[in-house]
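To start, the structure itself, in structure tokens.
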Amino acid sequence: MNVQSVPKAEYEKTMIRQTNKINLKEILLSLLATIAVAAYPSLFMYFSNSKEGHLTEIAQPLIWSMATAAVLFFGAMLIVHSMYKASIIISLFLLVLLNYTPLESGVQAILPRLKYWHILPVFIVICCTLHGLFGRKFLQIWEKS
């Protein structure tokens, strides 16, 4: 579309319509990235012990983790209004959730009196504090790019 041949108001309306279109390919790629993060632990366990186990043994945990990731992705997409941000947020959340035991062990090595039900609220408060301190700054940088 040539900018000189179209009035400015009509050109802006066309550009807004083009940017508001939901591209199915982009949604699927973002969703697949999130599902890949969720499927990794089950597949890692299977491929590490493929001689002792069968693929049918990991089918149920694999399906549950992938379904949970999809539900979280679409829920985050409704809240954040961006599929890319939703994919990144849910992928990071899943990485922390799926690696909770090593994180808990690391915290308990530093503070041995903390139990598992103390550590989760601490992680949530730390994430919320980091978001409050740096979230707006990172979002401004992200939206400029």
Side-chain angles (χ1 to χ4, degrees), residues 1-3 6 10-145:
M1 178 181 288
N2 190 354
V3 178
V6 178
E10 187 178 328
Y11 175 74
E12 288 176 358
K13 287 179 186 177
T14 305
M15 292 307 293
I16 289 172
R17 269 190 249 124
Q18 288 176 353
T19 57
N20 288 338
K21 287 183 182 176
I22 296 175
N23 191 350
L24 185 61
K25 181 180 176 183
E26 293 174 357
I27 290 176
L28 285 177
L29 287 175
S30 298
L31 179 63
L32 286 176
T34 305
I35 288 176
V37 171
Y40 174 75
S42 299
L43 293 175
F44 177 77
M45 293 295 284
Y46 171 72
F47 290 128
S48 295
N49 303 309
S50 61
K51 293 179 183 172
E52 292 96 21
H54 300 286
L55 189 57
T56 56
E57 294 173 357
I58 67 157
Q60 186 177 7
L62 187 62
I63 290 169
W64 276 105
S65 64
M66 290 168 44
T68 303
V71 168
L72 289 173
F73 171 75
F74 286 115
M77 199 167 101
L78 289 173
I79 294 169
V80 179
H81 302 291
S82 170
M83 63 191 121
Y84 303 115
K85 292 176 186 177
S87 179
I88 291 171
I89 290 168
I90 297 303
S91 295
L92 290 174
F93 173 75
L94 288 172
L95 286 174
V96 170
L97 182 69
L98 296 172
N99 293 310
Y100 183 74
T101 302
L103 292 172
E104 180 186 18
S105 299
V107 171
Q108 284 181 343
I110 298 169
L111 303 165
R113 295 182 61 117
L114 288 181
K115 302 296 180 207
Y116 69 92
W117 51 276
H118 291 128
I119 296 173
L120 183 61
V122 169
F123 280 141
I124 292 172
V125 168
I126 288 172
C127 289
C128 290
T129 304
L130 290 174
H131 173 68
L133 291 175
F134 302 111
R136 292 185 187 136
K137 188 176 189 178
F138 287 136
L139 284 176
Q140 289 171 353
I141 292 171
W142 192 349
E143 290 175 358
K144 287 181 183 177
S145 61

Correct closest heavy-atom pair for Ser65 and Ser42 would be OG-OG, 4.4 Å
Heavy atoms of other groups near Glu52 CD, more than 12 under 6.0 Å: yes
d(Ile63 CD1, Ile58 CD1) to nearest 0.5 Å is 10.0 Å
Search all heavy atoms of Ala39 against all heavy atoms of Leu62 and return the closest pair with its distance. CB-CD1, 3.6 Å
For the atom pair CE (Met45) and CD (Glu57), what is the distance rounded to the nearest 0.5 Å? 11.0 Å
Of all heavy-atom pairs linking Ala38 and Ala69, the shortest is CB-CB, 3.5 Å
Within the supplied structure, the quantity of interest is the number of heavy atoms (other residues, nucleotides, ligands) at a distance under 6.0 Å from Tyr46 OH; does it exceed 12? yes
Hey, could you give me the CG/CG distance between Leu31 and Leu24, rounded to the nearest 0.5 Å? 10.0 Å
Listed partners of Phe74 passing ring-ring contact (aromatic ring centres under 6.0 Å, His included), at least two apart: none
Residue pairs passing the side-chain hydrogen bond (donor to acceptor under 3.5 Å, both in side chains) test with at least one member in residues 32-41, sequence neighbours excluded, are Thr34-Ser87
Value for OG (Ser30) from NZ (Lys25), rounded to nearest 0.5 Å, stands at 12.0 Å
Any chance you could measure Leu95, atom CG, to Ile90, atom CD1, to the nearest 0.5 Å? 11.5 Å
Rounded to the nearest 0.5 Å, the CG atom of Leu55 sits from the CG atom of Leu43 at a distance of 8.0 Å
Within the structure provided, determine whether Phe73 and Met83 are in side-chain contact (heavy-atom separation under 4.5 Å). yes
